[in-house]
Protein chains: 2
Amino acid sequence: MPRQRTLSPTVITAAALQVGDRDGPKAMSMRRIAAELGCDPMALYRHFGDREALLDAVADQALADVVEPDADAPWDVRLREVLDGIRAAALRHPGIAAHIASRPPLGANGQRLGAAVLTALADAGLPPADVVRASQALVAYLAAALAMAVRAGERDPRWHQAARAVDALDAAGVDLPVVGSADQFEYGLRLLLAGIKAEAATKSGGHSANGAGEPG
Amino acid sequence: MPRQRTLSPTVITAAALQVGDRDGPKAMSMRRIAAELGCDPMALYRHFGDREALLDAVADQALADVVEPDADAPWDVRLREVLDGIRAAALRHPGIAAHIASRPPLGANGQRLGAAVLTALADAGLPPADVVRASQALVAYLAAALAMAVRAGERDPRWHQAARAVDALDAAGVDLPVVGSADQFEYGLRLLLAGIKAEAATKSGGHSANGAGEPG
DNA sequence: ACCTGAACACCGTTCAAGT
DNA sequence: ACCTGAACACCGTTCAAGT
């Protein structure tokens with residue numbers, strides 16, 4: 001559909017998102033996106049340094065409708081809200097989902113949501129250095145979960161086969177959870193939140209409720 | 001160096017690993033690997049269905065020298081040993097590191113180490129379904145940590161900039177941890193292990209030491 | 001000065017032609 | 001029957017030629 005006349009970063013990322021949603025991650029090439037816009041591939045380079053920069057912008061665009069959590073909610077509820085929100089937004093855009101948490105949050109939406117994560121962790125009572133460490137652990141987990149959710153959508157019922165290799169589990173005849181499922185995602189998130197709670201307790205003296213941690 | 005005469009999966013993966021170690025992940029193309037072996041690119045397809053299958057085999061090969069943990073050690077020590085071991089092996093082979101934990105462990109070494117993870121989690125006292133959930137959470141975290149460690153080696157001092165955007169942290173003037181560092185990796189791992197310990201306590205009655213969990 | 005598109009240096013994989 | 005390499009359908013990006 002060769003139509004668009006005035007090119008802008010927003011117009012380009014919107015087109016890229018559409019291509020990705022329709023035809024998958026590897027369809028998001030400079031050439032395909034340009035074709036979608038009816039322009040020369042080289043025109044895109046006037047707005048983005050290279051393909052990676054364009055994908056970063058698309059990833060940030062995909063997070064536009066994720067709202068920040070209620071500031072009055074407890075820190076762990078806020079963390080769950082923002083991470084679940086990002087996951088939901090990512091799954092609405094499978095073309096870019098795997099890219100979303102795999103790079104530093106440079107865009108406006110990434111910064112906004114990243115700040116929500118950091119402040120929630122600070123409110124949990126973690127010392128500043130641990131706030132950053134914990135946020136990166138959460139983002140790492142999120143990134144991998146999203147990438148796996150996309151891949152699981154494509155193929156791979158083979159995690160099951162891998163798990164059955166262990167006698168103890170095979171004997172128990174477990175009903176195995178789906179790799180990229182919400183259930184699976186929430187479980188890992190619960191582990192991390194429980195870990196953060198335990199960590200905060202040892203560092204700031206035993207209370208892990210909402211509010212500012214005590215100084216010193 | 002056109003030399004190799006008899007092609008085999010092992011010879012191919014060894015050559016691929018060498019190319020990746022020397023020239024990075026995106027140098028591991030069918031054509032470059034074939035050139036390394038002095039053979040036609042199509043010859044590789046006689047041993048591997050496609051490039052993905054070849055990379056899976058390379059990833060498994062990279063894990064060959066990771067030893068299983070001492071079966072007598074406590075479950076959390078065993079988990080740390082095997083995950084640290086995989087991380088160390090991955091960083092020795094940066095060309096394939098990002099690929100290592102991002103797919104189900106189908107190869108011999110992946111199965112071997114995956115089984116060690118699963119049995120350790122079973123020994124922690126988790127019910128079978130949660131053993132699988134927890135293992136996938138650990139693998140997801142590991143996969144993202146490895147991918148980020150490779151990328152951090154390439155570029156990206158921009159996580160720091162992203163973190164400084166939060167007033168509380170900026171004011172504190174924190175010395176930020178490096179993204180792919182061992183310190184950062186261990187912190188996230190500690191969170192997950194603490195979470196597993198807490199989870200096991202609620203599910204099986206409060207004890208989380210080494211040994212078989214009670215049935216029923 | 002700005003923009004365009006031909007061209008470069010690659011890809012993974014198919015498939016027909018050779019042995 | 002087996003293997004090879006030319007060819008197909010793509011890439012991201014450079015750069016010289018056009019306006």
Side-chain angles (χ1 to χ4, degrees), chain A residues 1-13 15-59 94-96 98-99 102-103 150-151 154-156, chain B residues 1-13 15-59 94-96 98-99 102-103 150-151 154-156:
Chain A
M1 293 156 184
R3 258 239 267 139
Q4 199 67 40
R5 210 148 293 279
T6 57
L7 234 47
S8 72
T10 314
V11 171
I12 293 171
T13 53
L17 202 55
Q18 202 166 14
V19 172
D21 291 350
R22 195 202 310 127
D23 302 325
K26 65 184 181 171
M28 294 176 62
S29 69
M30 301 303 268
R31 289 167 126 106
R32 290 275 280 101
I33 294 162
E36 181 84 7
L37 289 162
C39 73
D40 191 279
M42 279 305 102
L44 306 179
Y45 286 87
R46 199 142 291 280
H47 299 90
F48 297 100
D50 58 10
R51 181 167 179 261
E52 187 104 83
L54 196 161
L55 291 184
D56 287 348
V58 173
I96 197 67
H99 198 265
S102 69
R103 306 236 310 149
V150 170
R151 300 202 120 191
E154 290 171 349
R155 356 173 179 178
D156 277 337
Chain B
M1 293 153 186
R3 245 214 302 127
Q4 200 67 40
R5 210 146 293 277
T6 55
L7 235 45
S8 72
T10 314
V11 171
I12 293 171
T13 53
L17 202 56
Q18 202 166 14
V19 171
D21 291 350
R22 194 202 310 127
D23 302 325
K26 64 184 181 170
M28 293 177 61
S29 69
M30 301 302 269
R31 290 165 125 106
R32 291 275 279 101
I33 294 162
E36 180 84 8
L37 289 162
C39 74
D40 192 280
M42 279 307 101
L44 305 179
Y45 285 86
R46 200 142 289 282
H47 299 90
F48 298 100
D50 57 11
R51 181 166 180 262
E52 187 103 83
L54 196 161
L55 291 183
D56 287 349
V58 174
I96 198 66
H99 198 265
S102 69
R103 306 237 309 150
V150 171
R151 298 201 121 192
E154 289 172 350
R155 352 171 182 180
D156 277 338

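Chain identifiers are assigned alphabetically (A, B, ...) following the order of the sequence lines, protein sequences preceding nucleic acid strands; residue numbering begins at 1 within each chain.
Side-chain N/O atoms of A:Tyr45 include none lying less than 4.0 angstrom from OP1 or OP2 on D:dG12. Within the structure, every side-chain polar atom (N or O) of A:Arg46 is placed at least 4.0 Å from both OP1 and OP2 of C:dC2.
If you take CG on B:Leu55 and CG on B:Leu17, they are separated by 11.0 Å, rounding to the nearest 0.5 Å. Summarising the geometry, atom CG belonging to B:Leu44 is positioned 5.0 Å from atom CD1 belonging to B:Ile12; distances are rounded to the nearest 0.5 Å. Note that the CZ atom of B:Arg103 and the CZ atom of A:Arg151 stand 5.0 Å from one another [nearest 0.5 Å].
Rounded to whole Å, the P atom of C:dC10 lies 22 Å from the corresponding atom of D:dA9. Rounded to the nearest Å, the gap between the C1' atom of C:dA17 and that of D:dC2 is 13 Å. Between C:dG12 and D:dT14, the distance separating the two C1' atoms is 23 Å to the nearest Å. Comparing C:dC8 with D:dC11, their C1' atoms sit 12 Å apart, to the nearest whole Å.
C:dC11: no Watson-Crick or G-U partner with both key distances under 3.5 Å is found in any strand. Base pairing analysis places D:dA16 opposite C:dT4; the two distances defining the Watson-Crick or G-U wobble pair are each below 3.5 Å.
Along DNA chain D, the nucleotide nearest A:Ala27 and the nucleotide nearest A:Met42 are compared for position; the residue whose nucleotide lies closer to the 5' end is A:Ala27.
Checking side-chain atoms of B:Arg32 against main-chain N and O of B:Lys26 turns up no donor-acceptor pair under 3.5 Å.
Between the NZ atom of A:Lys26 and the C1' atom of D:dG12 there is a distance of 17 Å, given to the nearest Å. Between the NE2 atom of A:His47 and the P atom of C:dC2 there is a distance of 13 Å, given to the nearest Å.
Counting non-hydrogen atoms under 4.0 angstrom, B:Arg31 reaches a base of the nucleic acid. Across all strands, B:Met30 comes closer than 4.0 Å only to sugar-phosphate atoms, never to a base (heavy-atom distances).
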